[in-house]
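Fair warning: this is a prediction, and the values are worked out from it, not measured in the lab. Letters A, B, ... are given to chains in the order of the sequence lines, protein chains preceding strands, and every chain is numbered from 1.
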Amino acid sequence: MRLKGVYQSLKIKYGRQKWWPADSRFEVMVGAILTQNTAWVNVERALNNLKQANALSAKAIIKSNHDVLAQWLKPSGYFNVKAERLKHFCQWYLDHHSYDGLKYKHTAKLREMLLSVKGVGPETADDILLYAFNRKVFVVDTYTRRLFSRLGLVDGEIDYESLRAIFENELHAETVKTFNEYHALIVMHGKEVCKTSPLCDECCLQGICKQRDVSAAS
DNA sequence: ACCCAGGGTCATA
DNA sequence: TATGACCATGGG
């Protein structure tokens, strides 16, 4: 395993990332739900709709009409599903007295609580833990699995928790800031390079990133 | 016209 | 437990 080395390569190539792009912790949480299987540019439109309607708060979302909320969310896709998910999340959030009511909970407990919210799965929970609560949790996404299976460092079919454990064990000595940057760099790399260059023949990891992953290159 | 994007839930076997 | 169907917009 050479996870730190990959991090260094990505950091040299792309520099410091500024994640999570948001004006508040709550906006991070909403964005984490809206970005499920959705391009970020579309999420920004939905977030802007909420801002313009003065509805980017848990209370406003809770009391908004479903169809109205869905209209605001429309650009981010799955708007009916996401309207429900946002309401579930906001209800949970208010029930636990918002950020100040949650910030002292242990990470494992907080993660368990987040996963109990309907519509919040592992990646969304970890986005929220890392980027809103500043916890040292490694966010695994499709880019992560694809890149590291291509690098020959993990099995492409590895499940979420196992892959997260690999990262967190190997990077246990690193800081929250590194976890923050690392995931952002993986996404940047996935969007800018590997997407258009499946065999990584132009990528910054050339020399490391050989085409060992046949399935992902087809 | 097709594929995919910073996933997750639910029904079925 | 493990697949498959489903959700839905916008950009390439």
Side-chain angles (χ1 to χ4, degrees), chain A residues 6-7 10 14 16-23 25-50 66-92 111-133 135 137-150 155-164 167 179-199 202 215-218:
Chain A
V6 174
Y7 172 69
L10 291 171
Y14 298 107
R16 174 171 256 97
Q17 307 298 301
K18 293 163 189 168
W19 270 41
W20 185 289
D23 298 327
R25 298 182 193 280
F26 184 73
E27 185 178 340
V28 172
M29 303 181 209
V30 172
I33 291 170
L34 295 185
T35 199
Q36 291 169 354
N37 202 37
T38 300
W40 181 252
V41 60
N42 291 339
V43 176
E44 288 183 311
R45 294 187 171 133
L47 287 170
N48 285 334
N49 287 343
L50 292 174
H66 171 89
D67 292 329
V68 173
L69 179 57
Q71 278 303 113
W72 291 331
L73 302 183
K74 192 164 188 173
S76 69
Y78 306 137
F79 45 82
N80 284 312
V81 170
K82 285 174 178 174
E84 289 290 331
R85 290 181 182 178
L86 270 189
K87 288 209 176 203
H88 282 132
F89 176 78
C90 289
Q91 187 61 59
W92 171 85
R111 187 170 198 272
E112 183 184 337
M113 292 172 70
L114 284 164
L115 289 175
S116 75
V117 180
K118 193 163 302 187
V120 176
E123 186 182 339
T124 305
D126 291 340
D127 278 334
I128 293 171
L129 286 166
L130 177 58
Y131 292 107
F133 286 88
R135 303 304 176 89
V137 167
F138 202 93
V139 179
V140 173
D141 64 353
T142 54
Y143 289 133
T144 308
R145 190 175 284 99
R146 188 169 70 195
L147 174 59
F148 288 88
S149 67
R150 281 179 184 165
D155 180 347
E157 300 302 310
I158 189 172
D159 64 277
Y160 188 97
E161 292 302 328
S162 301
L163 188 50
R164 186 170 73 90
F167 274 87
F179 278 48
N180 178 319
E181 290 291 317
Y182 205 161
H183 175 67
L185 286 165
I186 289 167
V187 174
M188 175 64 70
H189 179 72
K191 284 160 78 163
E192 298 297 319
V193 182
C194 275
K195 176 177 160 186
T196 54
S197 185
L199 298 181
E202 302 175 2
S215 61
S218 58

Item to complete: Go through the steps to decide whether V139(A) and E123(A) satisfy the test side chain to side chain contact (heavy atoms under 4.5 Å, CB included), and finish with yes or no.
Response: CA-CA 6 Å; V139(A) 179; E123(A) 186 182 339; 3.8 Å; yes
Worksheet item: Just how far, in rounded Å, is P of dC10(B) from NE2 of H88(A)?
Response: 9 Å
Fill in: Atom-to-atom span, NZ of K82(A) to P of dC6(C) - whole angstrom
19 Å
Worksheet item: Closest heavy-atom contact between Q17(A) and L185(A)?
Response: NE2-CD2, 3.6 Å
Discussion item. Distance check needed: dG7(B) C1' versus R145(A) CZ, whole Å only.
Written reply: 11 Å
Practice prompt. Could you check how far CH2 of W40(A) sits from P of dG12(C), rounded to whole Å?
Written response: 18 Å
Fill in: Whole-angstrom distance between dA5(B) and dT3(C), as gauged at atom C1'
22 Å
Worksheet, complete the sentence: Smallest heavy-atom separation, P122(A) atom then E161(A) atom, equals CB-OE2, 4.3 Å
Worksheet item: Between dG7(B) atom P and N42(A) atom CG, what is the distance in whole Å?
Response: 13 Å
Worksheet item: Hey, does the side chain of K82(A) reach the backbone of L73(A) with a donor-acceptor pair shorter than 3.5 angstrom?
Response: no
Discussion item. How long is the straight-line distance from NE2 of H66(A) back to CD of Q71(A), given to the nearest 0.5 Å?
Written reply: 10.0 Å
Worksheet entry | Under 3.5 Å donor-acceptor, R25(A) side chain and F133(A) backbone | no
Worksheet item: Are OP1 or OP2 of dG11(C) and a side-chain N or O of R45(A) less than 4.0 angstrom apart?
Response: yes
Worksheet item: Which atom names give the shortest non-hydrogen contact between N80(A) and A70(A), and what distance separates them?
Response: OD1-CB, 4.0 Å
Worksheet entry | D127(A) versus T124(A), side-chain donor and acceptor atoms under 3.5 Å | no
Worksheet entry | Heavy-atom pair with the smallest gap, counting every atom of C90(A) and F26(A) | SG-CZ, 3.7 Å
Worksheet item: At under 4.0 Å between heavy atoms, what does K118(A) touch on the DNA or RNA strands: base, sugar-phosphate, or nothing?
Response: sugar-phosphate
Discussion item. Using a strict threshold of under 4.0 Å (side-chain N to carboxylate O), is an ion pair present between E84(A) and K87(A)?
Written reply: no
Discussion item. On a heavy-atom basis, which atom in S149(A) and which in G156(A) lie closest, and how many Å separate them?
Written reply: CB-CA, 3.5 Å
Worksheet item: Quick one: on DNA chain B, does L115(A) or A39(A) contact a more 5' nucleotide (nearest heavy atom)?
Response: A39(A)
Response to the item:
Given Watson-Crick and G-U pairs under 3.5 Å, DNA chain B in dot-bracket ([ ] crossing, | other strand) is .||||.|||||||
Discussion item. Without decimals, in angstroms, what is the distance between Q36(A) CD and dG7(B) P?
Written reply: 8 Å
So which protein nitrogen or oxygen atoms get under 3.5 Å of nucleotides 3-5 of chain C's nitrogens or oxygens?
none

Discussion item. Students often get this wrong, so: under 4.0 angstrom with heavy atoms, is V120(A) touching a base, only sugar-phosphate, or nothing?
Written reply: sugar-phosphate
Worksheet item: Roughly how many Å is it from CG in L34(A) to C1' in dT9(C), rounded to a whole number?
Response: 12 Å
Worksheet entry | Closest approach of E181(A) to Y7(A) (non-hydrogen atoms, all atoms of both residues) | CB-OH, 3.6 Å
Practice prompt. Compare side-chain N and O positions of T124(A) against OP1 and OP2 of dG8(B) and report whether any pair is under 4.0 Å apart.
Written response: yes
Worksheet entry | Residues touching DNA chain C, which here means a heavy atom under 4.0 Å, drawn from residues 73-81 of chain A | K74(A), P75(A), G77(A), Y78(A), F79(A), N80(A), V81(A)
Worksheet item: For the pair made of CD in E161(A) and C1' in dG7(B), what is the distance, rounded to whole Å?
Response: 14 Å
